[in-house]
*Asks:* 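Quick one: the structure is below, and I'll ask about it shortly.
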Amino acid sequence: MNLFSDIRALVIEALAALEAEGVLPRGLATDAVSVEPPRDAGHGDMATNAAMVLAKPAGMQPRAIAEALAAKLAADPRVVEATVAGPGFLNLRLSNSVWQGVVRAALSYPAFGRSLLGQGKRVNVEYVSANPTGPLHVGHTRGAVFGDALASLLAYAGFDVTREYYINDGGAQVDVLARSAYERYREACGQAPEIAEGLYPGDYLVPVGETLKDKYGDSLLDKGEQFWLAEVREFATAKMMELIREDLALLNVHMDVFSSEKALYGTGQIEAAIDRLRGMGLIYEGVLEPPKGKTPEDWEPREQTLFRSTAHGDDVDRPVKKSDGSWTYFAPDIAYHFDKVNRGFDALIDVFGADHGGYVKRMKAAVSALSSGRVPLDIKLTQLVKLWKNGEPFKMSKRAGNFVTLRDVVEQVGPDVTRFTMLTRKNDAPLDFDFAKVLEQSRDNPVFYVQYAHARVQSVLRKARDAGVAVDDASLAAADLTTLSHEAELKLAKQVAEWPRVVEIAAKGNEPHRIAFYLYELASDLHSLWNRGNDDVSLRFLQEGDAATTQSKIALIRATAVVISAGLGILGVTPMDEMR
RNA sequence: GGUCCCAUAGCUCAACUGGAUAGAGCAGCUGACUUCUAAUCAGCAGGCUGGGGGUUCGAGUCCUCCUGGGAUCGCCA
């Protein structure tokens, strides 16, 4: 259930009735009519902009519409009061039984908050997609956490989600990997490795060199690249993917599909995708203009095969072939996205690092062209993560040499803290990650704040059980909730009622951070109510000798815990039952 | 120079996609532990939403031009 859509339906119904009565002209478009909680709770429980939105098309004063609408709505048993305010807002106050119903709904349906928004549409979320040349670093960590939470959010909102990783194993960087691994192999064979400039220096290749020695003995030693490059490349790439899967597992990230760039070569898929574009007149041989304003010194005009991405919103056309005739990185990526379109997805989402910002328009152009505009592609960029430790920037890793790894972070602070912290920021804003701060167990640290709220509820449940009160969800859902009427209690119930709405808003915008912020507010309302019990004994959850009232109060906080648990589930964070 | 992102309280960030008097936390000040866990809560104080124009009933949000920061810009992926 979603109370806000229920009330919106009521408003639309009332508008239709007014049309039928001739109060309003017929045929008004009601798309822009919204029902939202007012920013100031003092105004009421719900507000609708209907009168203001319709005033112009109806040719009426907003207040006149609002008053007619108010009279209609006030007849509904759920509405206690309907008042016109300001320029034409209509504020509704709902009866206590509505909020009691929300509590019951949260307990009765495990799917409370789950939404039909997605209608089972198939969405592909591609994230991480790091080059298989080493362990994941902090930038990947943010992308992994964001993409995974987004995927869970969409699944919760009713989409059929596929989590996918695109392995960039087709370019020159995997040759570099192979050469780097070969040096470690020589090292394992007792020779001195020569890690030349441009090779990967990290320690993580040492064990790869050793396993190469186990496999090949010294048969690859002192031979030219042509004898070992392909084999070592394949071997090392596979090892790196193992490493990456292990890194992801540390964060509890698990992909449904791994797609390989290399696998696209030699299958005709790239050619097919490009031919498809060519058939639309979007591929041509041409010479690009130098970048406007700033011509590189070594600029030379050269003829290349170009994709007319400008026909689909890009600023300049983009090369799909290098001047030597080989594919650019873009070409297999076009083929890969074409493949995703052909697999029948209704929508595609790519999660990229901020350094891929310049890539967004051309990719959207390609998908737009290849799907004839049918499949929307949303690209979310995750901005940089800046690490801090004791007030100092934190840069180096023992393991990787020149960057901090995912493993470094997760081993220090754990997956829950890593995930939650990285989700308490919009993806397009830079993130400061302070090792000391995220481990602090205080209000300053949202992870602990939210988990503590959940643990507090579970603690009360244990106490109630010990006191012989039935607090299983079925009993609570069947309990008499009419005693839940104190404004402090209703405030928490109203916050619980927001949950389905938050899910939809977050899912529509592909913005999982909204879940994190909502959970913080919900936790805050719970802590607040808890402390009200210090002064006002009647607000304490356990009412000695009054099992019925106790049940109703526990139903409320259990409903809260159910929502916290569902929300943390989306974020991939464990709800704690105890935090001693 | 082109493109994209960002700019909100002293600090770190929200703001329900155009709604009413812009909200939290931290830092500062004042209070609440005989308790269902004080890892918490209540209160005070803190703002020309970087600047100028525009769009409309209404702008932190949309358009435009500046300023400042970040990313990126054909044979890297």
*Asks:* Within the structure shown, what part of the strands sits under 4.0 Å from A:E300 by heavy-atom distance: base, sugar-phosphate, or nothing?
*Replies:* base
*Asks:* Could you please spell out the steps behind the side-chain contact (heavy atoms from CB on, under 4.5 Å) verdict for A:V176 and A:T133?
*Replies:* CA-CA 8 Å; A:V176 175; A:T133 56; over 6 Å; no
*Asks:* Roughly how far apart, to the nearest Å, are B:rU40 and B:rU55 at atom C1'?
*Replies:*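 Each nucleotide's C1' atom is 48 Å from the other's.
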*Asks:* Ring centroids only, cut at 6.0 angstrom: are A:Y449 and A:Y520 within range, meaning strictly under it?
*Replies:*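 Ring centroids of A:Y449 and A:Y520 are less than 6.0 Å from each other.
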*Asks:* Only pairs with both distances under 3.5 Å count, Watson-Crick or wobble alike; so what is the partner of B:rU61 in this structure?
*Replies:* none
*Asks:* Describe the nucleic acid contact of A:A453 in one word from base, sugar-phosphate, nothing, applying a heavy-atom distance below 4.0 Å.
*Replies:*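 Contact class for A:A453: none.
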*Asks:* Any salt bridge between A:R501 and A:E498, counting N to O under 4.0 Å?
*Replies:*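 Salt bridge between A:R501 and A:E498, a charged N being under 4.0 Å from a carboxylate O: yes.
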*Asks:* Would you measure the distance from the P atom in B:rG25 across to the matching atom in B:rG46 and give it in whole Å?
*Replies:*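 To the nearest whole Å, 16 Å.
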*Asks:* Could you tell me the separation between the CZ atom of A:F433 and the P atom of B:rC13, rounded to a whole number of Å?
*Replies:*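 It works out to 14 Å between those atoms.
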*Asks:* Say you pick atom P in B:rA24 and the same atom in B:rC16; how far apart are they, in whole Å?
*Replies:* 15 Å
*Asks:* Side chain of A:D428 only, please: which of B:rC36, B:rA14, B:rC6 is the nearest?
*Replies:*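 So the side chain of A:D428 is nearest to B:rC6.
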*Asks:* Give one of base, sugar-phosphate or nothing for A:N168, where a contact means two heavy atoms less than 4.0 Å apart.
*Replies:*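 Sugar-phosphate, backbone atoms only, no base.
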*Asks:* For nucleotides B:rA22 and B:rU49, find the distance between their P atoms and express it as a whole number of Å.
*Replies:* 10 Å
*Asks:* Under the side-chain contact (heavy atoms from CB on, under 4.5 Å) rule, what do A:V33 and A:N49 come out as? Steps first, then yes or no, please.
*Replies:* CA-CA 6 Å; A:V33 172; A:N49 62 353; 4.3 Å; yes
*Asks:* Does a nitrogen or oxygen in the side chain of A:K361 sit under 4.0 Å from OP1 or OP2 of B:rC4?
*Replies:* yes
*Asks:* Over how many whole Å does the gap from A:D314 atom CG to B:rU72 atom P extend?
*Replies:* 18 Å
*Asks:* Quick check on B:rC57: is either OP1 or OP2 less than 4.0 Å from any side-chain nitrogen or oxygen of A:K56?
*Replies:*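 Yes, within the criterion.
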